[in-house]
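Only a predicted model underlies this, so the values are computations on that prediction, with no experimental measurement involved. Note that these values count all heavy atoms, side chains included, but never hydrogens, waters or copies made by symmetry.
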Amino acid sequence: MDSLAGIFLGSFLIGFSGAMMPGPMFVVVVGQSPRRGFMAGPLVVLGHGLLEATLVGAVILGLARLLSAPTVISTVAVIGGLVLLYMGADMLRSAGRLSLYGAEGDTGAVAERSLHPVLSGILTSLANPYWTIWWATVGLGYLLLAGKLGWAGLTAFLSGHVLSDLVWYTAVSSLVSGGRRWLTDRVYRGLIRACAVGLLFFALYFGWHGLSGIQV
């Protein structure tokens, strides 16, 4: 791990293991893939990556201690739960009017109102308290190690980490969008509703953990 190649590979493997775990971002990629195709994965990861690049810069500037504070983690969990609650409820509300093929009526308006995948990537990351916890612990430790090689080491770390997300979520969106031959509007709407329920589950789960961690 004392070389650029070692840092890159280690970051990729650790990031890949984390990316494969189901979470809000996975749900959003699956939900958007039938309409946007395989690009849903890369676009969501783009938002996720932009946020992580910003976070790396902030950590370097001294944000690490703030991120690890229990109050901050609890607050992130509560706010994140509210964001996911809104996203899940909006998906449920819109699901009945969505169409994959030759949308008519107000379906186009529904699509225009839906969050862009890049923005979804940012919001689902911010809404996930475990993302904050990971960066305050594992991510911070790896950053300190990579930082010994200067900016080249930090770049290798971030590149490997984002690439792991890109590989996994591009594969997910490609598999889901490849089902257009059998994916009818009825099945698609059911998939959207299932994804919405998934987001609502994470919303309640994060919100409960956030509230239970706040000292009254």
Between [atom1] of [X] and [atom2] of [Y], what distance do you get to the nearest 0.5 Å?
| X | Y | atom1 | atom2 | value |
| --- | --- | --- | --- | --- |
| His48 | Asp165 | NE2 | CG | 4.0 Å |
| Leu50 | Leu119 | CG | CG | 11.5 Å |
| Ser125 | Trp131 | OG | CH2 | 6.0 Å |

Side chain proximity check, [X] to [Y], heavy atoms < 4.5 angstrom:
| X | Y | value |
| --- | --- | --- |
| Pro117 | Val28 | no |
| Tyr169 | Met25 | yes |
| Leu13 | Leu9 | yes |
| Val172 | Val30 | yes |

Contact summary for [X] and [Y], nearest pair of heavy atoms:
| X | Y | result |
| --- | --- | --- |
| Ile7 | Ala146 | CD1-CA, 3.7 Å |
| Ala156 | Phe8 | O-CD1, 3.5 Å |
| Val162 | Gly49 | CG2-CA, 4.2 Å |
| Ser164 | Gly15 | OG-C, 3.2 Å |
| Ser177 | Gly37 | CB-CA, 3.5 Å |
| Phe157 | Ser11 | O-OG, 2.6 Å |

Handout entry: Residues that Ser120 engages under side chain to side chain donor-acceptor pair (under 3.5 Å), provided they are two or more places apart
Key = Gln32
Practice task
Could you check whether the rings of Trp168 and Phe26 sit parallel, tilted or perpendicular, using 30° and 60° as the cut-offs?
Solution key: parallel
Handout entry: Shared-cluster residues of Leu85, by chain and number - hydrophobic side chains joined below 4.5 Å
Key =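 Reading the cluster by chain and number, Leu85 sits alongside Leu92, Leu200.
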Exercise for the section: Return the set of residues passing side chain to side chain contact (heavy atoms under 4.5 Å, CB included) with Leu166 (not counting sequence neighbours), or none when no residue passes. Expected result: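 Only Pro42, Val45, Leu163, Thr170 meet the side chain to side chain contact (heavy atoms under 4.5 Å, CB included) criterion with Leu166.
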